[in-house]
Amino acid sequence: MATGLKKWFQEDWVDIGRKNKKGGFAKCGRKKASTKRKGYPKCVPRTKAMSMTKAERASAVKRKRAKAQGVGGKPTNVKTFTKKKKRR
């Protein structure tokens, strides 16, 4: 069993914002960069993507695409899951 960075590289990363032709998740990344905001992928390991609800996936993609992308030449990261609000 791989651990740490080795495991991270071995995971199957998918874009939860796009579907492939068969209805599953598209591979992570995109073929060409453009100035359009809608093309930015939100990538997670396939196992995590399968365990997320449709609403959780939509929320993560929405938050990723709402942020300014590539500020300072660095990729933009957002949390996959939001913090749950505490009830009083």
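Source: prediction; values computed, not measured.
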Quick check: closest heavy atoms across [X] and [Y], and the distance to 0.1 Å?
| X | Y | value |
| --- | --- | --- |
| Val78 | Arg63 | CG1-O, 4.0 Å |
| Met50 | Phe25 | SD-CE1, 3.6 Å |
| Ala49 | Ile16 | CB-CG2, 3.6 Å |

Value rounded to 0.5 Å, distance of [atom1] in [X] from [atom2] in [Y]:
| X | Y | atom1 | atom2 | value |
| --- | --- | --- | --- | --- |
| Arg18 | Lys42 | CZ | NZ | 15.0 Å |
| Arg65 | Thr76 | CZ | OG1 | 13.0 Å |
| Cys28 | Asp15 | SG | CG | 6.5 Å |
| Met52 | Ser59 | CE | OG | 8.0 Å |

Query raised in the report: So does Phe81 have more than 12 non-hydrogen atoms from other groups sitting under 6.0 Å from CZ?
Result: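 More than 12 within 6.0 Å, yes.
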Requested in this report: Count the heavy atoms of every other residue, nucleotide or ligand shown that sit under 6.0 Å from NZ of Lys62, and state whether that count exceeds 12.
Outcome: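 Not buried by this count: 12 neighbours or fewer within 6.0 Å.
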Query - Shared hydrophobic cluster for Leu5 and Trp13 (ILVMFWY, side-chain gaps under 4.5 Å) - result: yes
Requested in this report: Check the pair Glu56 / Thr82 against side chain to side chain contact (heavy atoms under 4.5 Å, CB included), numbers first and verdict last.
Outcome: CA-CA 9 Å; Glu56 287 172 333; Thr82 59; over 6 Å; no
Report task. Using modelled atom types only, decide if a donor and an acceptor are shared between the side chain of Glu11 and the backbone of Val44 within a distance under 3.5 Å. Result ->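 No, Glu11 side chain to Val44 backbone: no donor-acceptor pair under 3.5 Å.
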